[in-house]
Number of protein chains: 2
Amino acid sequence: MTAKASRQPLSRERVLAAAVVVADAEGIQALTMRRLAGDLGVEAMSLYHHLPAKEALLDGVVETVIAEIDAAVGRLSANGDGEDWRTRLRGQFLAARQIMVRHPWMPALLGTRRAIPVGLYAYYDGIVGTLLGAGFSHHLAHRAVHAFGSLPLGFAQEVFSPAAAGGSMEADVAEADLAAMAGALPHLTAMVAMEMHDGSDPTLGWCDSQLEFEFTLDLLLDGLERLRDQNQVKS
Amino acid sequence: MTAKASRQPLSRERVLAAAVVVADAEGIQALTMRRLAGDLGVEAMSLYHHLPAKEALLDGVVETVIAEIDAAVGRLSANGDGEDWRTRLRGQFLAARQIMVRHPWMPALLGTRRAIPVGLYAYYDGIVGTLLGAGFSHHLAHRAVHAFGSLPLGFAQEVFSPAAAGGSMEADVAEADLAAMAGALPHLTAMVAMEMHDGSDPTLGWCDSQLEFEFTLDLLLDGLERLRDQNQVKS
DNA sequence: ACCTGAACACCGTTCAAGT
DNA sequence: ACCTGAACACCGTTCAAGT
């Protein structure tokens with residue numbers, strides 16, 4: 001499907017880049033060793049000269065995307081120096097989100113990794129540094145990192161929109177389900193009806209919009225700021 | 001490995017229950033059709049009389065655990081009727097967490113599902129009902145549901161503890177990594193050092209403890225309550 | 001109706017062999 | 001050093017056949 005690659009020799013980087021292209025185009029389940037090799041104009045077994053196993057390939061793919069985020073965050077830090085801690089973190093998380101939208105398979109893939117992607121450490125060190133610089137205690141900074149969850153990586157847990165698995169998102173199916181269950185689920189259907197009336201968020205299926213993301217983020221930032229100020233007063 | 005099942009005929013329920021047992025004992029990657037059939041004392045192809053495909057098996061496994069949560073939440077609701085909305089939701093989420101701890105493969109599996117488990121709707125209808133009953137607007141209740149993320153299901157996004165993939169958790173590996181990178185990651189290592197001094201949370205690897213979960217939960221409940229009261233004043 | 005055996009297509013991976 | 005072909009073990013799944 002994809003055009004055969006030019007005749008430059010294979011490398012770990014080229015393999016990983018091609019893997020990301022496959023996942024972006026057809027989902028993570030389309031990423032097989034044989035398929036990837038085919039895209040690179042090579043036999044499947046050649047990949048094992050640059051990566052020891054499929055698991056290592058997937059680890060590398062995750063690292064590649066994390067590196068994208070690190071680079072984007074680095075570019076942000078280069079500019080806004082006098083920024084408030086909140087606008088700084090906010091900008092970083094939203095930049096990560098822009099990248100994540102292009103790699104919708106990342107949340108699910110990240111969940112299957114056994115080791116922590118090393119690129120994450122640098123990113124989180126910066127986040128903790130920002131918090132400490134803004135007067136947070138080490139303890140509260142620690143709690144904050146956990147409270148953020150996956151927001152620094154640009155996505156939120158999406159219990160109600162599992163499109164990430166790699167397929168078309170089926171908003172209308174969910175809508176049909178809801179209509180059928182209207183009697184049994186009065187509160188949920190009323191809520192959805194009200195929200196659809198407003199027009200902004202049509203279905204529970206794709207509510208992880210920019211707005212929802214920013215709402216949750218601001219809710220957490222507000223709460224953390226309040227806790228920081230309480231602690232300062234107390235001591 | 002597991003003892004052969006007694007000679008009662010197979011059923012969808014028995015298959016799903018056995019699947020949960022396999023996943024609990026050896027991780028989700030050990031759950032193959034042939035292995036599961038073997039545990040049930042049957043040939044792999046017999047499973048297809050009760051489930052159309054592996055995907056349906058996994059969907060069923062997810063539904064089984066959601067049903068566990070629904071049952072536990074139902075038991076809670078039967079008792080505490082005069083409860084405050086916060087203690088009510090708090091109790092439900094913590095009950096879900098108790099179940100999730102026994103099925104650590106659930107977060108990752110849930111991420112791979114394409115359809116929303118139907119059992120979730122009843123649970124979330126109750127949550128929305130509790131919020132509406134406490135004076136939340138439909139709009140704020142909607143935002144709240146998204147802000148909660150996976151907390152109602154008893155887990156938080158665990159970027160730094162990917163043990164869920166199904167293997168032993170490797171806290172010491174992470175510790176060694178951190179030690180090696182101490183120079184490059186000053187803020188993170190300082191934070192970890194401070195927190196280890198306290199003794200409660202030894203490593204970033206397993207910080208999704210009860211305490212972290214409750215902290216994040218209370219942070220969100222506080223923020224939502226504040227927004228609700230602001231809106232009431234405004235209107 | 002429920003279960004089985006053999007077979008198929010497709011994986012990841014090993015290994016000996018090519019250049 | 002890098003790539004290849006054949007083969008192996010293991011998947012999910014189909015199908016015709018058993019009872």
Side-chain angles (χ1 to χ4, degrees), chain A residues 1-20 22-23 25-62 105 108-109 112-115 165-167, chain B residues 1-20 22-23 25-62 105 108-109 112-115 165-167:
Chain A
M1 200 144 269
T2 315
K4 295 258 179 158
S6 53
R7 272 276 136 242
Q8 56 179 307
L10 233 46
S11 73
R12 196 182 115 95
E13 286 66 37
R14 274 192 63 216
V15 172
L16 293 180
V20 170
V22 171
E26 302 179 36
I28 198 71
Q29 88 290 339
L31 182 61
T32 69
M33 299 300 271
R34 286 172 163 92
R35 158 65 194 276
L36 179 58
D39 279 10
L40 287 162
V42 107
E43 224 60 28
M45 300 69 213
S46 305
L47 300 177
Y48 287 83
H49 273 266
H50 304 97
L51 291 158
K54 173 98 186 266
E55 282 297 290
L57 171 71
L58 295 178
D59 285 342
V61 165
V62 168
W105 38 267
L109 179 60
T112 67
R113 297 304 85 206
R114 313 260 300 253
Chain B
M1 202 142 275
T2 315
K4 294 258 178 156
S6 54
R7 272 276 136 244
Q8 59 177 305
L10 233 48
S11 72
R12 196 183 116 95
E13 286 66 36
R14 276 192 62 217
V15 172
L16 293 181
V20 170
V22 171
E26 301 181 36
I28 197 72
Q29 86 290 337
L31 183 60
T32 68
M33 299 299 271
R34 285 173 164 91
R35 159 65 195 273
L36 180 58
D39 279 11
L40 287 162
V42 106
E43 224 60 27
M45 299 72 213
S46 306
L47 301 177
Y48 287 86
H49 274 266
H50 305 96
L51 291 158
K54 173 96 185 266
E55 282 297 291
L57 172 71
L58 296 177
D59 285 342
V61 165
V62 168
W105 38 267
L109 179 59
T112 67
R113 297 304 85 207
R114 312 262 298 254

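Side-chain contact between B:Leu10 and B:His49 is absent, with no heavy-atom pair separated by less than 4.5 Å.
In this entry the distance linking CG of A:Leu40 with P of D:dT4 reads 11 Å, nearest Å. When the P atom of C:dT19 is taken as reference, atom NE2 of A:His49 falls 15 Å away, rounded to whole Å. We find that CG of B:Leu51 is positioned 12 Å from P of C:dC3, with the value rounded to whole Å. Separating the CD atom of A:Glu43 from the P atom of C:dT14 is a distance of 17 Å, rounded to the nearest angstrom.
Scanning for salt bridge (charged side-chain N to carboxylate O under 4.0 Å, His left out) contacts around B:Glu43 gives an empty result, with sequence neighbours left out. Take B:Ala23 and apply the side chain to side chain contact (heavy atoms under 4.5 Å, CB included) test, not counting sequence neighbours, and it matches B:Ile28, B:Trp105. For A:Glu55, the salt bridge (charged side-chain N to carboxylate O under 4.0 Å, His left out) partners at least two apart in sequence or on another chain are A:Arg113. In this view, B:Ala44 and B:Arg34, B:Ala37 satisfy the side chain to side chain contact (heavy atoms under 4.5 Å, CB included) rule, not counting sequence neighbours.
Considering every non-hydrogen atom in both B:Leu109 and B:Thr112, the closest pair reads O-OG1, 2.7 Å. Residue A:Ala18 comes nearest to A:Leu40 through the heavy atom pair CB-CD2, 3.8 Å, listed as atom of the first residue, atom of the second, then distance. Across all non-hydrogen atoms, the minimal contact from A:Leu16 to A:Val61 is CD2-N, 3.9 Å.
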Heteroatom pairs (N/O) under 3.5 angstrom, protein to nucleotides 6-13 of chain C:
unit_1	atom_1	unit_2	atom_2	d
C:dG12	OP1	A:Met33	N	3.4
C:dG12	OP1	A:Lys54	NZ	2.9
C:dG12	OP2	A:Met33	N	3.1
C:dG12	N7	A:Arg34	NH1	2.5
C:dG12	O6	A:Arg34	NH2	3.0
C:dT13	OP2	A:Tyr48	OH	2.8
C:dT13	OP2	A:Lys54	N	2.8
C:dT13	O5'	A:Tyr48	OH	3.4

Strand DNA chain C in bracket notation, Watson-Crick/G-U under 3.5 Å with | for pairs to another chain: ||.|||||...|||||.|.
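At C:dC2, none of the side-chain N or O atoms of B:His50 fall inside 4.0 Å of OP1 or OP2 (strictly under the cut-off). Contact annotation: A:Ser46 reaches the phosphate of D:dT4 (side-chain N/O to OP1 or OP2, under 4.0 Å).
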